[in-house]
Amino acid sequence: NNRWAHVRCARWIPETIFKDDMKMEPIGNIDGIDKQRWKLTCSLCNIQKGACIQCSRGTCTTAYHVSCATRKGFQLNIVQRKDGSVDHVSFCARHGEVKPPLNHLSPAPASASASA
């Protein structure tokens with residue numbers, strides 16, 4: 001079929017799989033993504049397009065695109081279980097630590113570069 005997904009998104013959408021884990025392609029089970037996930041509106045860009053993930057904190061339903069959450073610096077963690085399997089855990093700004101994304105680092109203050 002003509003369905004596709006971003007690799008970054010496929011890693012975080014629980015219904016998708018990589019048919020070859022080492023190459024991270026092709027992405028499978030896109031048609032198996034929960035229909036409700038497609039109806040969610042991203043709380044960061046306010047667009048209802050693509051599949052969103054939701055905050056992992058209890059009953060929080062805050063939804064966001066993986067790419068929007070990454071740009072915003074949301075906490076996105078891959079946690080390994082004792083049995084070797086992994087969980088993908090993400091938190092919205094209210095429930096997790098928000099860090100500045102790496103591509104948005106501030107330049108060193110002028111006084112620091114002058115003394116170097």
Side-chain angles (χ1 to χ4, degrees):
N1 62 24
N2 247 355
R3 306 293 301 233
W4 64 275
H6 299 113
V7 170
R8 180 187 308 179
C9 297
R11 288 183 66 196
W12 285 90
I13 303 292
E15 297 88 358
T16 58
I17 59 167
F18 292 107
K19 293 185 180 177
D20 183 331
D21 286 331
M22 295 301 289
K23 293 181 181 177
M24 297 180 92
E25 66 176 342
I27 298 167
N29 202 38
I30 294 172
D31 290 331
I33 295 174
D34 187 321
K35 306 284 184 253
Q36 294 305 310
R37 193 178 295 285
W38 296 105
K39 295 177 182 177
L40 296 171
T41 298
C42 177
S43 62
L44 300 173
C45 70
N46 296 312
I47 295 175
Q48 184 185 3
K49 183 177 180 183
C52 288
I53 60 173
Q54 290 176 283
C55 180
S56 298
R57 176 66 178 239
T59 58
C60 182
T61 58
T62 302
Y64 35 83
H65 296 116
V66 173
S67 55
C68 292
T70 302
R71 273 194 296 277
K72 189 73 172 177
F74 279 18
Q75 188 176 345
L76 300 168
N77 298 325
I78 299 173
V79 181
Q80 187 166 9
R81 294 178 170 189
K82 290 180 182 178
D83 67 3
S85 64
V86 294
D87 283 329
H88 290 73
V89 181
S90 69
F91 296 99
C92 68
R94 190 170 5 143
H95 295 116
E97 184 179 342
V98 177
K99 297 181 179 180
L102 291 177
N103 60 347
H104 288 59
L105 293 176
S106 301
S111 60
S113 60
S115 63

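The shown structure was predicted, so the numbers you read here are calculated from the model rather than taken from an experiment. Both backbone and side-chain heavy atoms feed into the values below; hydrogens, waters and symmetry mates do not.
Considering CD of Gln54 and OG1 of Thr59, their distance stands at 11.0 Å, rounded to 0.5 Å. Here CZ of Arg71 is found 7.5 Å from SG of Cys45. Values are rounded to the nearest 0.5 Å. Taken to the nearest 0.5 Å, the OG1 atom of Thr70 stands 12.0 Å off from the NE2 atom of His65. Between the NE2 atom in His95 and the SG atom in Cys55 there is a gap of 5.5 Å [rounded to 0.5 Å]. In this structure, CG on Asp31 lies 6.5 Å from NZ on Lys35, to the nearest 0.5 angstrom.
At least one donor-acceptor pair closer than 3.5 Å links the side chain of Asp83 to the backbone N or O of Ser85. Judged by distance alone, the side chain of Ser56 and the main-chain N or O of Ser90 form a donor-acceptor pair under 3.5 Å. In this structure, the side chain of Asp34 engages the main chain of Gln36 through a donor-acceptor pair within 3.5 Å.
Partners of Glu15 according to the salt bridge (Lys or Arg N to Asp or Glu O under 4.0 Å) rule, which considers only residues two or more places apart in sequence or in another chain, are Arg37.
Using a 4.5 Å heavy-atom threshold, the side chains of Cys92 and Cys60 count as touching. Side-chain atoms of Arg8 and Ser67, non-hydrogen and from C-beta on, do get closer than 4.5 Å to each other.
Met24 forms part of a hydrophobic cluster together with Val7, Trp12, Ile13, Phe18, Ile27, Ile30, Ile33, Trp38, Leu44, Ile53, Tyr64, Val66, Phe74, Leu76, Ile78, Val86, Val98, judged by ILVMFWY side-chain heavy-atom separations under 4.5 Å.
Remark: His6 NE2 is loosely packed, at most 12 non-hydrogen atoms of other residues, nucleotides or ligands lying under 6.0 Å away.
Scanning both residues, Cys52 and Ala63, for their nearest heavy atoms gives CB-CB, 4.1 Å. When all heavy atoms of Ala10 and Thr16 are compared, the closest pair comes out as O-OG1, 2.7 Å.
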